[in-house]
Amino acid sequence: QVQLVESGGGLVQAGGSLRLSCAATGDIDRIDSMRWYRQTPGAQRALVASITSDGKSTYNDSMKVRFTISRDNTKNTTYLQMNTLTPEDTAVYYCYTDRVENVAGRIWFRLWGQGTQVTVAS
């Protein structure tokens with residue numbers, strides 16, 4: 001079974017930083033593009049950033065100055081470095097991928113992690 005497992009969330013003061021991680025578990029052979037989304041209560045999930053399998057990244061315009069997405073394909077892990085956090089960044093952050101293939105050739109589509117809470121105190 002393949003899963004996406006986020007970690008690194010927590011409580012931070014405004015102006016602080018956090019690094020989120022999203023690890024794909026299982027005998028992974030290939031992961032396509034990976035994305036980070038965030039969601040606040042009552043709102044839809046909003047795209048934060050995405051990164052292709054060969055490392056090309058794109059960002060939500062409102063976050064691209066402060067956030068950096070990266071990935072380590074040897075660890076099947078993607079990261080979201082978040083700097084200069086504000087209370088408006090408080091949300092549950094989710095990672096997502098369109099497609100994961102394991103070494104046996106089985107494929108999972110549209111896979112979400114369970115989410116990690118980020119709370120920024122003023």
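Numbers for residues simply follow the sequence, beginning at 1. Because the structure is predicted, anything quoted here is derived from the model rather than measured.
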Backbone of Ser33 reached by a side-chain donor or acceptor of Thr97 within 3.5 Å: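 Here the side-chain-to-backbone pair exists.
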Please check if the side chain of Asn73 supplies one atom and the backbone of Asn76 the other of a donor-acceptor pair under 3.5 Å.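 Here the side-chain-to-backbone pair does not exist.
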Kindly indicate whether the side chain of [X], heavy atoms from C-beta on, has any atom under 4.5 Å from the side chain of [Y].
X	Y	answer
Leu4	Glu6	no
Ile51	Trp36	no
Gln81	Ser70	no
Thr78	Ile69	yes
Trp108	Asn102	yes
Arg71	Ile31	yes

What's the spacing between [X] [atom1] and [Y] [atom2] if we round to 0.5 Å?
X	Y	atom1	atom2	answer
Ser17	Phe67	OG	CZ	9.5 Å
Tyr37	Ser50	OH	OG	8.0 Å
Asp89	Thr84	CG	OG1	9.5 Å
Met63	Asn83	CE	CG	14.0 Å
Met34	Asp98	CE	CG	10.5 Å
Glu101	Ile28	CD	CD1	10.0 Å

Can you name the side-chain hydrogen bond (donor to acceptor under 3.5 Å, both in side chains) partners of Asp61, sequence neighbours left out? none
What are the two closest heavy atoms between Gly8 and Leu18, and how far apart are they? O-CD2, 3.7 Å
Which heavy atom of Tyr59 sits nearest a heavy atom of Thr68, and at what distance? OH-CA, 3.3 Å
Give me the other members of the hydrophobic cluster that Ile107 sits in, counting Ile, Leu, Val, Met, Phe, Trp and Tyr linked by side-chain heavy atoms under 4.5 Å, directly or via other members.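 ILVMFWY cluster around Ile107 also holds Phe109.
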Within one Ile-Leu-Val-Met-Phe-Trp-Tyr cluster: Leu111 and Val5, side-chain cutoff 4.5 Å: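 In one cluster with Leu111: Val5, no.
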Would you indicate whether Gln44, at its atom CD, is surrounded by more than 12 heavy atoms from other residues, nucleotides or ligands within a distance under 6.0 Å?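 No, CD of Gln44 has 12 or fewer neighbouring heavy atoms, counting only those of other groups under 6.0 Å.
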Count the heavy atoms belonging to other residues, nucleotides or ligands that lie under 6.0 Å from CG of Asp27, then report whether that count exceeds 12.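 No, not enclosed.
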Identify all side-chain donor-acceptor contacts of residues 115-122 below 3.5 Å with residues at least two apart in sequence or on another chain.
from   : atom 1 : to     : atom 2 : distance (Å)
Thr116 : OG1    : Gly9   : N      : 3.2
Gln117 : NE2    : Ala91  : O      : 3.4
Gln117 : NE2    : Thr119 : OG1    : 3.3

Classify the ring geometry of Tyr96 against Trp112: parallel below 30°, tilted from 30° to 60°, perpendicular beyond 60°.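 Geometry flag for Trp112 against Tyr96: tilted rings.
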